[in-house]
Amino acid sequence: QVPQQEDASEKKPHGLSPARAAAATVLYCLAGPSLIFLNKHILVEVEFPYGSALSLLGVTMSTLLSIIALMLGWFPCDQTRSLTPQTYCTRVL
């Protein structure tokens, strides 16, 4: 048997759709400055004296929200199948 070649129209598209990519870009551009202003408000107006702890809390929440979004399938990714807790701890952390 001769293997059949796939037609280009049968391949699944890779990456995000243009609308989803644009939405992700806008969200990214808004999230950074928003968090900077929020952190400034917490440090100055609320007089929270632990800036390093505030930064660590932000990174921790970002990590948890990313993991939850991947686990719920909101942003499917082929690489998450091979990412076990042991692999994450030894390679990412």
Side-chain angles (χ1 to χ4, degrees):
Q1 276 186 342
V2 178
Q4 295 180 357
Q5 294 182 0
E6 285 188 39
D7 187 356
S9 63
E10 293 178 12
K11 291 184 180 180
K12 292 182 180 179
H14 294 289
L16 298 174
S17 68
R20 199 165 182 185
T25 303
V26 169
L27 181 63
Y28 177 80
C29 290
L30 291 175
S34 297
L35 289 174
I36 290 170
F37 286 121
L38 176 63
N39 286 346
K40 181 179 178 187
H41 171 76
I42 292 171
L43 290 171
V44 175
E45 302 296 326
V46 180
E47 298 179 5
F48 186 76
Y50 306 107
S52 296
L54 185 62
S55 294
L56 179 62
L57 182 62
V59 170
T60 302
M61 288 304 298
S62 175
T63 302
L64 290 176
L65 290 175
S66 298
I67 290 170
I68 290 169
L70 286 171
M71 290 176 73
L72 291 175
W74 292 348
F75 303 98
C77 179
D78 294 336
Q79 294 175 344
T80 57
R81 292 184 198 141
S82 61
L83 188 61
T84 63
Q86 180 182 4
T87 306
Y88 181 82
C89 290
T90 56
R91 294 191 180 183
V92 177
L93 294 179

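What you see is a predicted model, and the numbers here were worked out from it, not measured in a lab.
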Report task. Could you tell me whether a side-chain N or O of T25 sits under 3.5 Å from a main-chain N or O of A21, the two making a donor and an acceptor? Result -> yes
Query raised in the report: Listed by chain and number, what are the side chain to side chain contact (heavy atoms under 4.5 Å, CB included) partners of T60, not counting sequence neighbours?
Result: L56, L64
Report task. Check whether I42 and L57 end up in the same hydrophobic cluster, where Ile, Leu, Val, Met, Phe, Trp and Tyr are linked by side-chain heavy atoms less than 4.5 Å apart. Result -> no
Report summary line: Separation between CG (L35) and OG (S55), nearest 0.5 Å, reads 10.5 Å
Query - Sequence neighbours excluded - ring pair (Phe, Tyr, Trp, His ring centres under 6.0 Å) pairs with any residue from residues 16-73 - result: F48-Y50
Report summary line: Distance col, row I68:CD1 vs M61:CE, nearest 0.5 angstrom, shows 7.5 Å
Report task. Each residue besides V26 in its hydrophobic cluster should be listed here, by chain and number; the cluster joins Ile, Leu, Val, Met, Phe, Trp and Tyr at side-chain heavy-atom distances under 4.5 Å. Result -> L30
Query raised in the report: Which residues, ordered by chain and number, are linked to I67 in its hydrophobic cluster, where ILVMFWY side chains connect at heavy-atom gaps below 4.5 Å, directly or through other members?
Result: M71
Query raised in the report: Taking only residues two or more places apart in sequence, or in another chain, which ones meet A69 in a side chain to side chain contact (heavy atoms under 4.5 Å, CB included)?
Result: W74, F75
Query - Contacts of T87 that satisfy side chain to side chain donor-acceptor pair (under 3.5 Å) - sequence neighbours left out - result: T84
